[in-house]
Amino acid sequence: MDRDFLSELFSDFGPVTLRRMFSGFGISVDGTNFALALRAGLYFRADEQTIPQFQAEGSKPFQYQQRSTAKVVTVNSYWELPARLFDDREELAGWARAALAAAQRAALGKPPKTKKPARKKSAKKANIPTQKAVTRKPAAKKKKAIKDKPSSQPSQRVARMRAR
């Protein structure tokens, strides 16, 4: 399915946003993804309220096979759109509204996305004592003497080392 076909398919439903996803497109309205258009077909978001509709039409949930383990994974939140709806855009628009409502209900059940705070360094890595330290007055800062020219005299330490 290409972008133009999908835009035309949802013309009775209203404007949708199509984003490249996997081997097809994610279809959304106002940031809420309610459908997937993949090589295998068109899948609508479903929940307890809408799954019986899909089952009555003989539809199946979205499935894919993992590459690493060859295990088949079933995603019960997306169900295949009945093929007859590709010819009836008005009825497809009704199913799309139900799928959008299911996606919005699912979004209400999730906590809102927030940015994760920056990771704190562990006490061992940062050399910070794990117990609360006794508060002490900060030590007075030592002022460094600024030398205009480097000394031609060797330091006392160097002189002692040479003397050995």
Side-chain angles (χ1 to χ4, degrees), residues 1-139 141:
M1 286 182 234
D2 66 355
R3 189 178 288 272
D4 293 334
F5 173 76
L6 291 170
S7 295
E8 187 178 322
L9 189 65
F10 286 97
S11 61
D12 285 355
F13 171 71
V16 294
T17 302
L18 303 171
R19 289 198 178 119
R20 290 295 279 155
M21 178 183 258
F22 309 119
S23 62
F25 296 95
I27 303 166
S28 62
V29 172
D30 296 328
T32 302
N33 197 41
F34 72 94
L36 300 173
L38 306 172
R39 276 184 258 151
L42 186 60
Y43 298 87
F44 277 7
R45 180 70 186 218
D47 61 4
E48 303 84 31
Q49 293 180 20
T50 58
I51 287 176
Q53 232 182 336
F54 287 97
Q55 290 172 332
E57 292 282 340
S59 294
K60 295 181 181 176
F62 173 62
Q63 293 181 333
Y64 66 93
Q65 188 172 5
Q66 289 181 335
R67 290 183 187 180
S68 59
T69 62
K71 178 182 172 185
V72 175
V73 177
T74 300
V75 181
N76 284 316
S77 56
Y78 283 91
W79 283 66
E80 188 173 17
L81 188 68
R84 68 177 183 78
L85 295 178
F86 286 92
D87 296 327
D88 188 352
R89 298 226 172 105
E90 281 184 37
E91 192 174 356
L92 182 133
W95 282 64
R97 282 186 206 89
L100 179 60
Q104 290 168 337
R105 283 190 297 271
L108 288 175
K110 292 181 184 177
K113 289 185 180 181
T114 58
K115 288 187 177 182
K116 293 181 181 179
R119 292 181 70 190
K120 294 181 181 180
K121 292 183 180 179
S122 69
K124 290 180 182 178
K125 288 182 181 177
N127 293 327
I128 300 171
T130 55
Q131 295 178 350
K132 190 173 182 180
V134 178
T135 326
R136 297 181 186 169
K137 292 182 180 178
K141 292 183 180 179

Inset, instruction - Could you pull out the closest heavy-atom pair between Leu92 and Phe44, with the gap in Å? - result: O-CE2, 4.2 Å
Legend entry - Min side-chain heavy-atom separation Phe5-Phe86 under 4.5 Å: yes
Legend entry - Side-chain heavy-atom pair Trp95, Pro82 within 4.5 angstrom cut-off: yes
Legend entry - Least distance between heavy atoms, Gln65 atom then Ala70 atom: NE2-O, 3.2 Å
Inset, instruction - Work out which heavy atom in Gly31 is nearest to a heavy atom in Ser28; give both atom names and the distance. - result: C-CB, 4.4 Å
Legend entry - Validation row: Tyr78, Asn33 side chains within 4.5 angstrom (heavy atoms): yes
Inset, instruction - Determine whether more than 12 heavy atoms belonging to other residues, nucleotides or ligands lie under 6.0 Å from atom CD of Glu48. - result: no
Legend entry - Check: Tyr43 and Val75 side chains under 4.5 Å, non-hydrogen atoms: no
Inset, instruction - State, with a plain yes or no, whether a side-chain heavy atom of Phe25 is found less than 4.5 Å away from one of Arg19. - result: no
Inset, instruction - For Thr69 and Gln66, test the side chains for any donor-to-acceptor distance below 3.5 angstrom and give the result as yes or no. - result: yes
Legend entry - Heavy-atom closest contact (Thr50 atom, Arg45 atom, distance): OG1-O, 4.3 Å
Legend entry - Ring-ring centroid check Phe13 Phe34, cutoff 6.0 Å: yes
Legend entry - Nearest-0.5 Å distance, CZ of residue Phe54 to NZ of residue Lys60: 15.0 Å
Legend entry - Distance-only donor-acceptor check, side chains Gln63 and Thr74, under 3.5 Å: yes
Legend entry - Atom CG of Asp30: over 12 foreign heavy atoms under 6.0 Å: no
Inset, instruction - Check the surroundings of atom CZ in Arg67: do more than 12 heavy atoms from other residues, nucleotides or ligands lie under 6.0 Å from it? - result: no
Inset, instruction - For the residue pair Thr32 and Leu100, establish whether any side-chain heavy-atom pair is separated by less than 4.5 Å. - result: yes
Legend entry - Heavy-atom side-chain contact between Leu6 and Val16 under 4.5 Å: no
Legend entry - Atom of Arg3, atom of Leu18 and distance for their closest heavy-atom approach: NH1-O, 3.2 Å
Legend entry - Check: Glu57 and Glu80 side chains under 4.5 Å, non-hydrogen atoms: no
Inset, instruction - Quick one: do Phe62 and Leu38 satisfy side chain to side chain contact (heavy atoms under 4.5 Å, CB included)? Show the steps, please. - result: CA-CA 10 Å; Phe62 173 62; Leu38 306 172; 3.3 Å; yes
Inset, instruction - Specify the closest pair of heavy atoms between Asn76 and Ile51, including all atoms of both residues, with the distance to one decimal. - result: O-CD1, 4.0 Å
